[in-house]
Amino acid sequence: MLEKSFEPAAIEQRWYQRWESAGHFVHAADKTPAYCVQLPPPNVTGTLHMGHAFQQTLMDALIRYHRMRGFNTNWVVGTDHAGIATQIVVERQLEEQGNSRHDLGREKFVERVWQWKQQSGSTITRQMRRLGASANWSYADTEGQKAGYFTMDEKMSRAVVEVFVRLHEEGLIYRGKRLVNWDPVLGTAVSDLEVDSEEEDGRIWELRYPGKGFSLTVATTRPETMLGDVAVAVHPDDARYKAFVGQRVELPLAGRTIPVIADEYVDPQFGTGCVKITPAHDFNDYQVGKRHGLDPINILRLDAHLNDNAPEKYRGLERFQARKQVLADLSAQGFLAGEKPYKLRVPRSGRTGVIVEPMLTDQWFVRMEGLARPALDAAAKGELKFFPEHWTSTYRQWLENIQDWCISRQLWWGHQIPAWYDDEGKVYVARNEAAAQALAPGKALRRDADVLDTWFSSALVPFSSLGWPDRTKDQDLFLPSSVLVTGFDIIFFWVARMVMMSLHFTGKLPFRDVYINAIVRDAEGEKMSKSKGNTLDPLDLIDGISFEELVKKSTVGLLKAEHKQKVQGYIKAHFPQGIPPFGTDALRFTFASLASFSRTLNFDLSRCEGYRNFCNKLWNATRFVLMNTEGKDCGTDESLPVRLSFVDRWIISQLQRVEAEVAQGFTDYRFDNLAGAIYRFVWDEYCDWYVELAKLQLQDSDEAVQRGTRRTLVRVLETSLRLAHPVIPFITEELWQKVAPLAGKRGDTIMLQPYPKSQPEKIDEAAERDMAVLKEWTVATRNLRAEAKLPPGERLPLYATALPPVSDVSLSTAALKLLARLDEVRNVSALPDSPSPVAVVGEARLMLYKEVDPAAERDRLQKERARLAGEIDKARKQLGNASFVERAPAKVVEQMRERVAGFEATLAKVSAQLEKLTPTR
RNA sequence: GGGUGCUUAGCUCAGCGGUAGAGCGCUGCCCUUACAAGGCAGAUGUCGUAGGUUCGACCCCUACAGCACCCACCA
């Protein structure tokens, strides 16, 4: 016997372990068709957040759905070494101990990071298991930790080196001194994508550069860079300055003169029309300098302090101190012409938030243009499809304007670049040191100290995880994978790069479909952020958490007291009771239900609660079925007679429809639709109608009717469980184990049972029509009850001028008696002469015989008459419109006519009743 | 500057060229032998604004407004 209500905690733990240890998540060596999903590898030291939980729910639903449909499923998972992020974490730890990575040295430091990875690396994969993720943990599991691949493990690293060397051989990787985005705190280059520019309040200053007999005023937001100026540029057609082009002006403080040059880049309308040119510290100026053959003067050290190219006074000053000093000196010497507040876009490092400095350094780049073209073609030809489709344009736009990718990072944690230098600085790129040495016999080689951008290895995952560069059968089976589920924020970072790399190295797409999931926000649509306190931990939703605990964990690590206050306030307002335990299934069902094609998903706790209630409903429906079928004849013996009523045939028919809807939902990646379809079928049809009517049929004297009812109860439920399993795996497994035997089925697990398939031949329109009538009569009669405000115990006869027009009248009237709590149904030629409320259903008029207040009833009828008159009027107008009748499809016109006729018939009956109530004058 | 998305019930969102929907919330009645995490019944919308196309527009087109996001080098 089942517990009285659904208690998720116990069943979840048990079933996940059994599934995993039984090897149900493992792919088959050689079986088609294959279905493969690549998990966006989470940061190895990270923890699961709502975005992960959402994504993984969808992936797992897809995987489970296809597994049940007999696909050879392989959910390839792994974790990412997340170069910068992980290095920062460990550096912070060292900092707390008063150490820096430089104190340890590279080797010791990297060792330390590995330790940290081993220690915290399993957190996120453990959490994924709590979500029920049926991931292929043992696949590509080089490190034997049942966590899939690790982007820095031996096998994955081999692919990285191979790709690097090959791209280099093909001339697609090059090294050069370029201006790159530099994070002066981390001391590394970062790619364009890792820089976020936000508009901030700043100032703009005007500086006067004197020439012979004239002076030019330039505007700048970064006055300290003037020490590295090499020219002042004006627009070639600018009449104001034409005369000065070619002359020189004095560069204040620096004791140099610089030329006045003409360049189209200058917008004469903007500012003074004069631009200072600082090639070493500005991307535009760099181009201008190049065009005019001006050598950049770099005035900054890598830590953003001024270097020896600056006048002595400023050397060693930090960049913002230098700014102050330069401004003070310019002002004192009369060269500062103006200063105003100004809104500017400040480029900040995505990791440290520090202002990024354009810095002239030696870096490695990937030439992107040629790689991008095939990636664009694939999307244009529809071989690569985005869901929702509009993301294609985001993808396309970026690829069409792609810049070379700076892949070197001046970090210690990551794939060290496979390049060696001899004493003359000549570079040898090779698969390993010995191979490099072979290229440079007798020379002393030194390995490039840099590591690769984390996204470099991520870009290879779709094929490196399948064993590339070896030729493996898995690449035939699982490449391209079926669908990638990921967030829009990494379309550039990851999606596009995977497509390019995969096409280039394997000739195949990494995946056919890309589902871009919504961003999870809080219930009000606010971004979730630690400082607001509106983040939710998926595990807290599953297990529940007390108010005190929640406050404690949300404020830990917050330094500012005001933040703590704010967070506490938010939690008090939104989770005064903490969070109750909803269980994994409820959380998953919520995610699925909210997964429409909208761009954001506002996670609402009350929705989660609603879907927990749904789980409870399913649980109790099963309880009912078990109570009424266990140990009884459920019709598994096909030789015994079975009679199915229109009610049985109706629910079976509906089942076919919901199965088709769910299948469509999966095809379209409309998880909201499929979840909604399941919800409505289970709750609104099976529980609200079928189970209630089954109660009646189970009392039928005919053994064949009882048998048919039990069989239908059990079979439809058993099928529903399979239908819902991809979304709510735990509860369906638990219940299926109990229900399946009654339906003559057996199995270790529901997850390997065949997925329900809609059988159109079982759609029974006659039964559906009968049921529609029964529902209509029931609702109308219940309405009469509600109007009459009958106490629950009071049962009255229903007077009806006709019997329900269905194939089985006695069943229908019996059903009516049960569902609308009637004493009996009396078929009469005329309703009793009474002011009691009358309902009109089709041809019939229904009345519960009961004394009522005639005035109230008159009121009600008048309202109803007005409504009907309004509808008739509206429809009549349409029909009166000649061009509607002529041009609209005949079917639509006919429908409209029927509509009017129906309304009019009802109106007549309502009017007649009203007549009766109207006091005779 | 370029691009994308959104605007429908109190809230969060579906929706479709032909009778405006769901969940939650709300109101009333009910602890009816699966379920009060429940049952039954009910109320609620000039579908952002203005034009256009159409027999017919919430839906298609145009413009506008507001909100959100992405990309881009304006000193």
Side-chain angles (χ1 to χ4, degrees), chain A residues 2 4-6 192 197 204 218-222 233 265-267 269-278 282-287 342 344-345 347 358 388 390-391 393-394 397-398 401 488-489 491-492 519 523-525 527 580 582 586 590 593-594 596-628 670 672-673 676 679-680 687-688 691-692 695 778-779 782-783 785-787 789-793 818-821 871 874-875 878 881-889 891-893 895-896 899 903:
Chain A
L2 291 177
K4 191 157 180 211
S5 63
F6 164 58
D192 303 348
S197 294
I204 190 163
V218 298
T220 181
T221 54
R222 306 195 45 203
Y265 156 68
V266 181
D267 175 1
Q269 311 300 321
F270 188 89
T272 59
C274 300
V275 184
K276 64 192 269 307
I277 300 299
T278 322
D282 184 281
F283 288 98
N284 290 311
D285 294 6
Y286 184 74
Q287 297 300 329
Y342 188 69
L344 69 161
R345 294 187 72 84
H390 69 257
W391 289 109
S393 48
T394 304
Q397 215 187 335
W398 185 69
N401 300 296
F488 78 87
D489 49 331
I491 290 179
F492 309 144
I519 297 300
E524 281 91 34
K527 229 178 232 175
F582 292 122
T590 310
S593 300
L594 295 176
S596 67
F597 275 174
S598 123
R599 201 174 271 217
T600 53
L601 182 163
N602 296 350
F603 192 90
D604 191 340
L605 220 58
S606 67
R607 291 293 290 262
C608 198
E609 195 181 332
Y611 295 119
R612 192 260 329 252
N613 295 353
F614 172 76
C615 290
N616 189 51
K617 189 78 180 173
L618 183 59
W619 183 271
N620 275 292
T622 305
R623 229 174 127 240
F624 169 82
V625 171
L626 293 176
M627 285 167 68
N628 287 282
R670 285 300 300 265
D672 56 335
N673 287 348
Y679 184 97
R680 286 189 299 271
C687 291
D688 285 355
V691 164
E692 292 308 317
K695 289 174 183 171
T778 305
V779 170
R782 281 172 173 170
N783 253 307
R785 272 197 81 91
E787 305 257 348
K789 297 214 190 305
L790 291 183
L818 175 75
L819 297 176
R821 305 168 149 260
E871 295 285 3
K874 228 164 81 182
Q878 275 239 42
N881 183 340
S883 64
F884 167 72
V885 178
E886 274 164 38
R887 302 200 197 187
K891 213 175 104 192
V892 174
V893 177
Q895 247 172 32
M896 195 62 75
R899 200 169 134 70
F903 282 141

For [N] and [X] - does any side-chain N or O of the residue sit under 4.0 Å from the phosphate oxygens OP1/OP2?
| X | N | result |
| --- | --- | --- |
| A:Ser883 | B:G56 | no |
| A:Asn602 | B:C11 | no |
| A:Ser596 | B:C13 | no |

Discussion item. Quick one, A:Phe582 and A:Tyr611 - any side-chain contact, counting heavy atoms below 4.5 Å?
Written reply: no

Output one line per pair: protein atom, nucleotide atom from nucleotides 15-18 of chain B, and distance, for all N/O pairs under 3.5 Å.
residue, atom, partner, partner atom, Å
B:G15, OP1, A:Arg670, NH1, 2.8
B:G15, OP1, A:Arg670, NH2, 3.4

Would you kindly give the [atom1]-to-[atom2] distance between [X] and [N], to the nearest whole Å?
| X | N | atom1 | atom2 | value |
| --- | --- | --- | --- | --- |
| A:Ile491 | B:G3 | CD1 | P | 18 Å |
| A:Leu594 | B:G23 | CG | C1' | 9 Å |
| A:Arg899 | B:U19 | CZ | P | 7 Å |
| A:Leu2 | B:A34 | CG | C1' | 10 Å |

Worksheet item: A:Ala621 and A:Cys687: which non-hydrogen atoms are nearest, and at how many Å?
Response: CB-SG, 3.7 Å

Worksheet entry | Contact summary for A:Lys276 and A:Asp285, nearest pair of heavy atoms | O-OD2, 3.2 Å

Worksheet item: With sequence neighbours left out, what residues match A:Phe6 under ring-ring contact (aromatic ring centres under 6.0 Å, His included)?
Response: A:Trp619

Worksheet item: Residues in ring-ring contact (aromatic ring centres under 6.0 Å, His included) with A:Phe624, at least two apart?
Response: none

Discussion item. Base contacts versus sugar-phosphate-only contacts with protein, heavy atoms under 4.0 Å: please encode nucleotides 35-43 of chain B as B, S and - from 5' to 3'.
Written reply: BSBSSSSS-

Discussion item. Does the protein touch nucleotides 68-75 of chain B at the base, only the backbone, or not at all? Give it as B, S and - per nucleotide, heavy atoms under 4.0 Å.
Written reply: -BSSBBBB

Worksheet item: According to a 3.5 Å limit on both distances, what stems of 3 or more consecutive Watson-Crick or G-U pairs are formed with RNA chain B?
Response: B:1-7 with B:65-71, B:10-13 with B:21-24, B:26-30 with B:38-42, B:48-52 with B:60-64

Discussion item. Using the rule given for side chain to side chain contact (heavy atoms under 4.5 Å, CB included), can you reason through A:Asn401 versus A:Gln397, listing the C-alpha separation, both sets of side-chain angles and the distance that settles it, and then say yes or no?
Written reply: CA-CA 6 Å; A:Asn401 300 296; A:Gln397 215 187 335; 4.3 Å; yes

